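Beneath this line is the structure, given in structure tokens, with notes to follow.
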Amino acid sequence: MKKDNQPIIMFDGICNVCNHWVQFVIKRDTKGIFKFLSLQSDLACSLITNPNLNNKQLDSIILIDKDQIYTESTAILHIMNKLTGPIRFFILFWIIPKKIRDRAYRFIAKNRYRFFGKKESCLVPSKEIQNRFIKTKTERGKTDE
């Protein structure tokens, strides 16, 4: 699925809370292990071919790590587990049953535009973090060139 075997975080590129989450992860991913890919890209659509994913999960942060696909709260917890600093404390949320965690996650995901707003176009990374984002040919019909 991936050539360099780095975990890929796929996110809603026009969602403000998702973009803040990406910035949050980048600051705490001191080893630079994560790559990022907007869900609006053609590449993301082609990677999401797993028949076990349902529409609710596609409206989610998606983590692809070692050919495993994680969504919703489980993706968040797997990401936090690889970060540095006090944020790792939140991995204690593993003790909360997945159904409850995912219900809370879906409530926020469903209302994210209303609560946090959205952008007109996908995040354009600064030069300092461009190498953390997977280059795609098109994103929402526009070329990156």
Side-chain angles (χ1 to χ4, degrees), residues 1-2 6-30 32-65 67-145:
M1 194 175 283
K2 304 178 300 213
Q6 284 184 275
I8 297 173
I9 298 173
M10 292 192 282
F11 65 100
D12 181 348
I14 60 172
C15 169
N16 284 335
V17 74
C18 300
N19 282 297
H20 286 295
W21 170 250
V22 167
Q23 297 298 326
F24 178 87
V25 170
I26 288 170
K27 283 183 183 178
R28 286 152 186 85
D29 178 16
T30 56
I33 62 169
F34 290 108
K35 291 284 191 173
F36 300 90
L37 180 63
S38 168
L39 283 168
Q40 285 79 9
S41 70
D42 292 338
L43 179 57
C45 291
S46 70
L47 287 176
I48 305 171
T49 57
N50 187 325
N52 295 325
L53 291 177
N54 61 45
N55 285 341
K56 283 184 196 168
Q57 292 168 316
L58 296 178
D59 193 21
S60 166
I61 293 282
I62 298 174
L63 172 66
I64 302 175
D65 188 11
D67 293 326
Q68 291 285 350
I69 298 174
Y70 304 100
T71 61
E72 298 178 327
S73 66
T74 303
I76 298 292
L77 290 172
H78 275 281
I79 293 165
M80 284 184 183
N81 192 43
K82 293 180 184 276
L83 299 178
T84 59
I87 192 64
R88 289 180 50 91
F89 169 79
F90 286 99
I91 62 173
L92 292 175
F93 282 102
W94 279 116
I95 64 172
I96 298 172
K98 181 176 174 13
K99 280 186 175 186
I100 296 170
R101 288 191 331 252
D102 284 347
R103 190 174 300 140
Y105 182 97
R106 282 191 293 275
F107 173 78
I108 294 169
K110 179 181 175 185
N111 295 290
R112 69 188 184 275
Y113 296 144
R114 186 171 45 160
F115 293 162
F116 305 103
K118 67 179 181 176
K119 300 179 181 305
E120 291 296 318
S121 60
C122 291
L123 169 76
V124 177
S126 66
K127 288 186 180 189
E128 295 82 34
I129 61 171
Q130 262 181 352
N131 65 332
R132 304 290 302 277
F133 290 78
I134 297 172
K135 282 273 194 194
T136 62
K137 187 165 183 146
T138 62
E139 202 157 291
R140 294 182 140 278
K142 298 176 184 173
T143 60
D144 281 349
E145 302 165 346

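No experiment lies behind these values; they were computed from the predicted model shown.
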Checklist entry - If only atom types and distance count, is the side chain of R103 paired as donor or acceptor with the main-chain N or O of I100 below 3.5 Å? => result no
Mind checking whether F116 and I108 have side chains closer than 4.5 Å, heavy atoms only? yes
Does NZ or CZ of R28 come closer than 6.0 Å to the centre of the six-membered ring of F24, within 45° of the ring's axis?
yes
>> Apply side chain to side chain contact (heavy atoms under 4.5 Å, CB included) to residues V22 and F133 and explain how you reach the verdict.
In response: CA-CA 10 Å; V22 167; F133 290 78; 3.8 Å; yes
All heavy atoms of Q6 vs all of G32, minimum pair found to be NE2-O, 3.0 Å
Residues at least two apart in sequence or cross-chain that pass side chain to side chain donor-acceptor pair (under 3.5 Å) with N111, listed by chain then number, are R114
*Worked check of side chain to side chain donor-acceptor pair (under 3.5 Å) between R101 and T74*: CA-CA 8 Å; R101 288 191 331 252; T74 303; 3.0 Å; yes
Ring pair (Phe, Tyr, Trp, His ring centres under 6.0 Å) filter on F107, not counting sequence neighbours, yields F115
Here the pair of heavy atoms bringing Q40 nearest to G13 is OE1-N, 2.8 Å
(request) Describe, in one word, how the ring planes of W94 and H78 are oriented to each other, choosing from parallel (under 30°), tilted (30 to 60°) and perpendicular (over 60°). (result) perpendicular
Partner of L83 under side chain to side chain contact (heavy atoms under 4.5 Å, CB included), picked from T30, I91, V25, is V25
Distance col, row S41:OG vs I134:CD1, nearest 0.5 angstrom, shows 8.0 Å
All heavy atoms of A75 vs all of Y70, minimum pair found to be CB-O, 3.4 Å
*Does a side-chain N-to-carboxylate-O contact under 4.0 Å join R106 and E72?*
yes
Correct closest heavy-atom pair for I61 and F11 would be CD1-CB, 3.8 Å
Of I9, D65, I8, the one forming a side chain to side chain contact (heavy atoms under 4.5 Å, CB included) with F34 is I9
The reported gap from CG in L92 to CE in M80 (rounded to nearest 0.5 angstrom) is 11.0 Å
* Apply side chain to side chain contact (heavy atoms under 4.5 Å, CB included) to the pair D12 and W21, showing each step before the final yes or no. => CA-CA 10 Å; D12 181 348; W21 170 250; over 6 Å; no
With sequence neighbours left out, the residues meeting side chain to side chain donor-acceptor pair (under 3.5 Å) with D29 are R132
